[in-house]
Amino acid sequence: MDILNNLPEQGPVSLIAEFTARPGEADNVATLLAGLATDVRREPGNVAFDCFQRLEDEAKFVVYEIYRDKAAFAAHISADYGAVFNAKLQELIVEPNSVLTFLSPLRAG
C-alpha cells in the first residue's frame with residue numbers, strides 16, 4: 001500500500017486523522033467512530049486511538065493514533081472493520097476520505 005511507503009521501518013507510527021461531518025450528521029459520525037475505537041483499541045499493536053471533536057465546530061473530528069510500529073499500522077489499515085467503517089464514513093463526511101497527517105517526534109537541538 002502506498003500509504004506505508006514513506007513510514008519508517010522502526011519505531012512507532014503516529015498520526016492524526018481529520019474529517020468533517022456533513023450538516024446534521026455529526027452524531028452519526030460520533031457513533032460510528034466510537035464503534036471503530038472499540039475495535040482499534042483491541043489491536044495488539046495499537047498504543048493510542050483517541051477521538052475528539054473541535055470545540056469551535058462539533059462537525060470537525062480529529063483522531064490521534066499511535067501504533068507500535070509500521071507492521072502494527074499495516075495490520076490496522078488492513079482490518080476488515082476498518083474498510084466497513086471507511087465505506088460508511090464516506091457517506092457522512094464532506095471530504096472524500098479522512099485526511100491523514102503523519103507525525104514524527106520532535107528532534108531537539
Side-chain angles (χ1 to χ4, degrees):
M1 290 185 180
D2 290 342
I3 196 168
L4 298 173
N5 290 342
N6 295 325
L7 298 178
E9 293 299 323
Q10 303 296 319
V13 173
S14 303
L15 67 139
I16 56 171
E18 298 178 275
F19 42 88
T20 308
R22 291 182 179 171
E25 298 291 359
D27 288 344
N28 291 329
V29 170
T31 299
L32 185 65
L33 187 55
L36 177 68
T38 299
D39 290 331
V40 173
R41 290 175 182 148
R42 290 186 186 128
E43 294 174 11
N46 177 257
V47 176
F49 193 88
D50 299 325
C51 308
F52 302 91
Q53 285 175 277
R54 292 185 183 232
L55 286 174
E56 73 278 4
D57 186 348
E58 289 188 350
K60 295 187 180 285
F61 291 79
V62 178
V63 182
Y64 176 62
E65 307 176 46
I66 303 175
Y67 300 88
R68 182 184 60 238
D69 53 24
K70 184 176 179 177
F73 181 68
H76 164 71
I77 62 174
S78 65
D80 290 342
Y81 51 80
V84 171
F85 168 83
N86 285 320
K88 290 180 180 177
L89 183 68
Q90 284 181 326
E91 299 172 5
L92 301 174
I93 63 173
V94 173
E95 303 84 1
N97 297 296
S98 298
V99 177
L100 304 181
T101 303
F102 289 87
L103 309 169
S104 65
L106 196 62
R107 291 178 187 86

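Note that the structure is predicted; figures quoted are calculated from it, not measured.
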Supply the atom-to-atom distance [X] [atom1] to [Y] [atom2], rounded to the nearest 0.5 angstrom.
X    : Y   : atom1 : atom2 : answer
R68  : H76 : CZ    : NE2   : 13.5 Å
Q53  : T20 : CD    : OG1   : 11.0 Å
E25  : T31 : CD    : OG1   : 10.5 Å
E18  : I93 : CD    : CD1   : 11.5 Å
L100 : I3  : CG    : CD1   : 5.0 Å
D39  : Y81 : CG    : OH    : 5.5 Å

Problem - Over 12 foreign heavy atoms within 6.0 Å of CD, E58 - result: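 Not more than 12 within 6.0 Å, no.
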Handout entry: Atom NZ of K88 with >12 non-hydrogen neighbours under 6.0 angstrom
Key =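 Counting other residues, nucleotides and ligands, NZ of K88 stays at 12 neighbours or fewer.
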Handout entry: Atom of A37, atom of C51 and distance for their closest heavy-atom approach
Key =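 Taking A37 first and C51 second, the nearest heavy atoms are CB-SG, 4.1 Å.
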Handout entry: Contact summary for G82 and L36, nearest pair of heavy atoms
Key =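 Heavy atoms of G82 and L36 come nearest at CA-CD1, 4.4 Å.
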Do [X] and [Y] touch side chain to side chain, with heavy atoms closer than 4.5 Å?
X   : Y   : value
N86 : N97 : no
L4  : I77 : yes
V47 : P12 : no

Completion exercise
Result for ring pair (Phe, Tyr, Trp, His ring centres under 6.0 Å) between Y67 and one of F102, F73, F49 points to F73
[X] with [Y], same ILVMFWY side-chain cluster at under 4.5 Å:
X   : Y   : value
V63 : L92 : yes
Y64 : L33 : no
L15 : F19 : yes
V40 : L7  : yes
F52 : I66 : yes

Problem - Distance-only donor-acceptor check, side chains Q10 and D69, under 3.5 Å - result: no
